[in-house]
Amino acid sequence: LGQRFAGFSGEQPPFMHAYGACGLPINRVQFHHHWIKAQGLGLQVDYGDFSLNAVAARQGLFFVPSLETEKFGQCDYAYHIDAQTYCQVLKRIALECGIGHAETARLGEVSRDPASGHITAVGLLDGRTVAGDLFIDATGAESLLLGAAPGTEFESWQAWFPCDRWLATSGPGLPRLPAFSQVTAFRSGWVGQFPLRNRMAVQQAFTSLELDRQQALDSAARLAATPFNAEAVVRSYAAGRRRAAWSGNCVGIGEAAAVFDPIDSVRIQGILTGLSHLVSLIPVDRDMAPEAKEYNLNVLSGFDRMRDYQICHYKLNKRHGEPLWDRCRDMTVPDSLAYKLEQFAARGHLVEYDDEIFLDHDWRSMLIGHGLMPRAYDPVADQTSESELAQRFQQMLDMIKGQVAAMKPMEAHFPQGRARAV
């Protein structure tokens with residue numbers, strides 16, 4: 001139902017980024033303006049206390065959104081999926097649909113039309129050649145097809161993302177499944193814990209300037225407070241994107257087009273963003289220039305919006321006296337994000353650009369949770385009297401309390417009970 005962030009705000013308690021709206025508009029004014037006003041009047045109720053998702057998640061309870069819960073605004077939830085098993089399922093479905101598959105084949109020579117630069121065929125190291133009209137590059141950050149095309153140079157985002165190493169491992173499952181994941185900041189990066197039915201998936205992003213592999217494992221085990229699988233994977237990464245995600249007759253999907261920082265787990269979202277636009281822009285002839293132009297315009301803009309959202313976790317930190325976090329707090333952010341932060345800090349106004357991936361309630365929850373409190377609120381909120389405001393706030397809290405009281409733990413939503421470890 002959400003993701004809890006701990007340690008990003010110094011001594012401040014963790015906050016829950018709920019996957020749903022917080023509060024309801026009052027007299028056609030968005031809720032957060034009324035909450036900001038009430039804070040100035042002495043309100044001691046946390047912003048997240050007005051979120052059905054956040055309150056349920058804190059108590060270890062879960063619900064599937066319904067017409068009843070939608071009375072609190074949009075409610076949603078995320079999936080925690082075992083990546084390898086999920087990929088095996090997708091592969092099996094694809095093969096059953098008749099998709100051709102060159103098992104264990106590695107890419108060799110790439111043939112291009114000398115006039116257009118379009119790919120005409122790819123040679124495989126086992127001697128086979130595969131011809132085609134449209135090629136999708138899913139080779140990861142190597143971007144073996146797209147990255148070799150003109151105008152697709154890699155634009156680094158490392159100025160805004162301090163970590164360059166990513167660790168993935170797992171530990172034993174918890175006796176009771178929590179309804180949220182957790183990201184905990186520490187001196188050299190952060191550790192994420194993502195509960196699965198049979199184990200706890202753990203990810204860590206850190207800087208190689210401060211930790212080596214063993215030190216990273218030790219810090220992750222300490223912060224996650226769990227023994228780890230000895231077969232931990234550690235790899236390097238560099239956040240950034242290609243200047244074009246579609247060049248000629250080649251489309252980069254996933255990290256072939258953009259490498260995101262691991263925070264917020266947006267890699268799958270990046271893949272889905274590319275695929276959804278590709279499906280709507282399947283070429284109608286061999287030219288493909290109109291489709292490529294529209295694809296790049298929208299997809300690259302969406303990637304930049306996700307990048308801006310992720311930067312906030314680092315920019316808004318309050319971990320003083322630690323080099324990594326001090327640099328992040330003092331860094332100059334992209335103009336698009338700087339303007340958004342400026343507007344929100346001034347009066348709680350959230351600038352919304354085209355191709356936003358995260359919804360407005362995601363932005364507000366994250367910004368307020370990280371401590372960016374607007375200096376003022378929408379003056380139209382003053383049309384609501386203090387007595388009416390107190391009454392409406394209490395009604396929301398009572399409605400949430402009543403709904404949560406009827407909810408069940410996460411395990412109750414799995415008909416077959418807890419899965420056995422594999």
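Residue numbers run from 1 in the order of the sequence given.
Residues L167 and Q203 form no side-chain contact, since every pair of their non-hydrogen atoms from C-beta on lies 4.5 Å or further apart.
Within 6.0 Å of the OH atom in Y353, the count of heavy atoms belonging to other residues, nucleotides or ligands exceeds 12. Heavy-atom contacts from other residues, nucleotides or ligands closer than 6.0 Å to CD1 of I81 number more than 12. Heavy-atom neighbours of R235 CZ from other residues, nucleotides or ligands within 6.0 Å: above the threshold of 12.
Partners of F260 according to the ring pair (Phe, Tyr, Trp, His ring centres under 6.0 Å) rule, which considers only residues two or more places apart in sequence or in another chain, are W157, F303. The ring pair (Phe, Tyr, Trp, His ring centres under 6.0 Å) search around F186 returns none, not counting sequence neighbours. Residues passing the side-chain hydrogen bond (donor to acceptor under 3.5 Å, both in side chains) test with N296, sequence neighbours excluded: none.
Using a cutoff of 4.0 Å between basic side-chain nitrogens and carboxylate oxygens, D46 and R58 are scored as salt-bridged. A salt bridge between E155 and R307 is absent, with no side-chain N of the basic residue lying under 4.0 Å from a carboxylate O of the acidic one. Using a cut-off of 4.0 Å between Lys/Arg side-chain N and Asp/Glu carboxylate O, R305 and D308 are scored as salt-bridged.
Using the six-membered ring where Trp is involved, H313 and H370 have ring planes that are perpendicular, over 60° apart on the 30 and 60° scheme.
Judged by distance alone, the side chain of K408 and the main-chain N or O of H413 form no donor-acceptor pair under 3.5 Å.
Each of H320, E322, K315 was checked for a side-chain contact (heavy atoms from CB on, under 4.5 Å) with R329, and the lone residue meeting it is H320.
For the residue pair Y237/D261, the side-chain donor-acceptor check at 3.5 Å is satisfied.
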